[in-house]
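Notes to accompany the following structure.
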Amino acid sequence: MAAFDYNAGAGLYPCKTVKRRSSLRYKRFDSAAEALRFAIEDMPASLLRGSVLEVEEARFDGVQMRKLYDAEGYPLTRRS
């Protein structure tokens, strides 16, 4: 994966569930690192699959978000 700017602003589009509407809506973050932490640590895991992270006109799906969060270059402290 090419170099990723964790400091760039990011938008997170949570997935809508089929059976019920999620109360989560589009959310803007000052950094992609904060958006990734929210997506992985705070959102229900079932929503990650269909969610999209947008950073500098690039889009990342749930699998890609997980890889960016797990990457060695991720700058924030992860929850245990």
Which heavy atom in [X] sits nearest to a heavy atom in [Y], and how many Å separate them?
| X | Y | answer |
| --- | --- | --- |
| Val55 | Ala10 | CG2-CB, 3.7 Å |
| Ala32 | Asp5 | CB-O, 3.9 Å |
| Pro75 | Ala33 | CG-CB, 3.7 Å |

query = Honestly curious: do Leu47 and Tyr13 fall in one hydrophobic cluster under the side-chain, below-4.5 Å linking rule?
reply = no

request  = May I have the step-by-step check of side chain to side chain contact (heavy atoms under 4.5 Å, CB included) for Tyr69 and Glu41, ending in yes or no?
outcome  = CA-CA 10 Å; Tyr69 177 82; Glu41 297 179 2; 2.4 Å; yes

task = Hey, could you give me the CZ/CZ distance between Phe29 and Arg37, rounded to the nearest 0.5 Å?
result = 10.0 Å

query = From Arg78 CZ over to Asp70 CG, what is the distance, rounded to the nearest 0.5 angstrom?
reply = 6.5 Å

message = Taking salt bridge (charged side-chain N to carboxylate O under 4.0 Å, His left out) as the cut-off, I'd like each qualifying pair that reaches into residues 26-36, sequence neighbours left out, listed once.
response =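 Counting only pairs at least two positions apart or across chains, no salt bridge (charged side-chain N to carboxylate O under 4.0 Å, His left out) contact touches residues 26-36.
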
query = Could you walk me through whether Leu36 and Leu53 pass the side chain to side chain contact (heavy atoms under 4.5 Å, CB included) check?
reply = CA-CA 8 Å; Leu36 288 165; Leu53 176 70; 3.7 Å; yes

ask   = Does Tyr6 have any ring-ring contact (aromatic ring centres under 6.0 Å, His included) partners at least two apart in sequence or in another chain, and if so, which?
value =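 So Tyr6 forms a ring-ring contact (aromatic ring centres under 6.0 Å, His included) with Phe4, Tyr74.
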
request  = Determine whether Met65 and Leu12 make a side-chain contact, defined as any pair of heavy atoms from C-beta on separated by less than 4.5 Å.
outcome  = yes

ask   = Residues two or more places apart in sequence or in another chain: which of them pass side chain to side chain donor-acceptor pair (under 3.5 Å) with Asn7?
value =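 Asn7 satisfies side chain to side chain donor-acceptor pair (under 3.5 Å) with no residue once adjacent residues are dropped.
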
